[in-house]
> 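Here it is, the structure, as structure tokens.
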Amino acid sequence: NAIPSGGVLQIIAFIGFLEIGVMKDVTGEGEFPGDFRNGYIDFGWDDFDEETKLQKRAVELNNGRAAMMGILGLMVHEEIIPLGYDPDLPIIGHLQ
């Protein structure tokens, strides 16, 4: 293991602190699931109309999905190289 047990414990404790103390809707003003602004951070979000808010949330969801597909592609690529696939060639050439 590259991470000492004390480091793992610190990571788990920090994530637990965030879950219990920070990442929650304290004021009950959340407009949608995951809205943890709690009346503190605005960045102009409240100035947008409802259609723009929906469009911006949809764009953010699609960016997250694209990032998940990208990291999945990297993980698959890393696992197939030990199987004998050449990393410089496209994978389609090996399927024929």
Side-chain angles (χ1 to χ4, degrees):
N1 291 337
I3 302 175
S5 58
V8 172
L9 183 64
Q10 287 177 357
I11 292 171
I12 292 172
F14 181 66
I15 292 172
F17 166 74
L18 289 177
E19 287 288 333
I20 293 171
V22 178
M23 302 299 286
K24 59 184 177 180
D25 187 11
V26 177
T27 61
E29 298 174 359
E31 294 183 36
F32 50 88
D35 182 9
F36 301 128
R37 293 178 294 153
N38 294 321
Y40 178 67
I41 301 174
D42 184 13
F43 297 125
W45 179 258
D46 295 330
D47 297 335
F48 295 127
D49 61 349
E50 289 303 316
E51 183 178 343
T52 304
K53 288 180 183 181
L54 286 174
Q55 189 263 340
K56 287 184 176 290
R57 284 204 315 257
V59 166
E60 188 64 25
L61 281 172
N62 286 335
N63 286 341
R65 291 175 182 142
M68 286 187 282
M69 293 304 292
I71 195 69
L72 179 65
L74 288 172
M75 292 182 335
V76 167
H77 189 76
E78 188 165 319
E79 289 298 316
I80 64 170
I81 289 175
L83 298 177
Y85 290 99
D86 186 2
D88 296 329
L89 295 175
I91 192 168
I92 302 300
H94 292 287
L95 298 178
Q96 296 175 353

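Numbering starts at 1 and runs along the sequence shown.
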> With the 4.5 Å side-chain cut-off for hydrophobic clustering, are Phe14 and Val22 part of the same group?
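Cluster IDs for Phe14 and Val22 match.
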> Out of curiosity, Lys56 NZ to Glu60 CD, how far, rounded to the nearest 0.5 Å?
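Between Lys56 NZ and Glu60 CD, I get 10.0 Å after rounding to 0.5 Å.
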> Identify whether Met68 and Leu61 are in the same connected component of the hydrophobic contact network (ILVMFWY, side-chain heavy atoms under 4.5 Å).
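Met68 does not cluster with Leu61.
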> Can you tell me how far the CD atom of Gln55 sits from the CZ atom of Phe48, to the nearest 0.5 Å?
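Result: 9.5 Å between the selected atoms.
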> Quick one: pull up OG1 in Thr52 and CG in Asp47 and give me the separation to the nearest 0.5 Å.
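Interatomic distance, Thr52 OG1 to Asp47 CG, rounded to 0.5 Å: 11.0 Å.
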> Is the closest side-chain heavy-atom distance between Arg57 and Leu54 below 4.5 Å?
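Touching, per the 4.5 Å side-chain cut-off.
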> Considering only NZ, NE, NH1 and NH2 on the basic side and carboxylate oxygens on the acidic side, decide whether Lys53 and Glu50 come within less than 4.0 Å.
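Here Lys53 pairs with Glu50 in a salt bridge, since their nearest N and O are under 4.0 Å apart.
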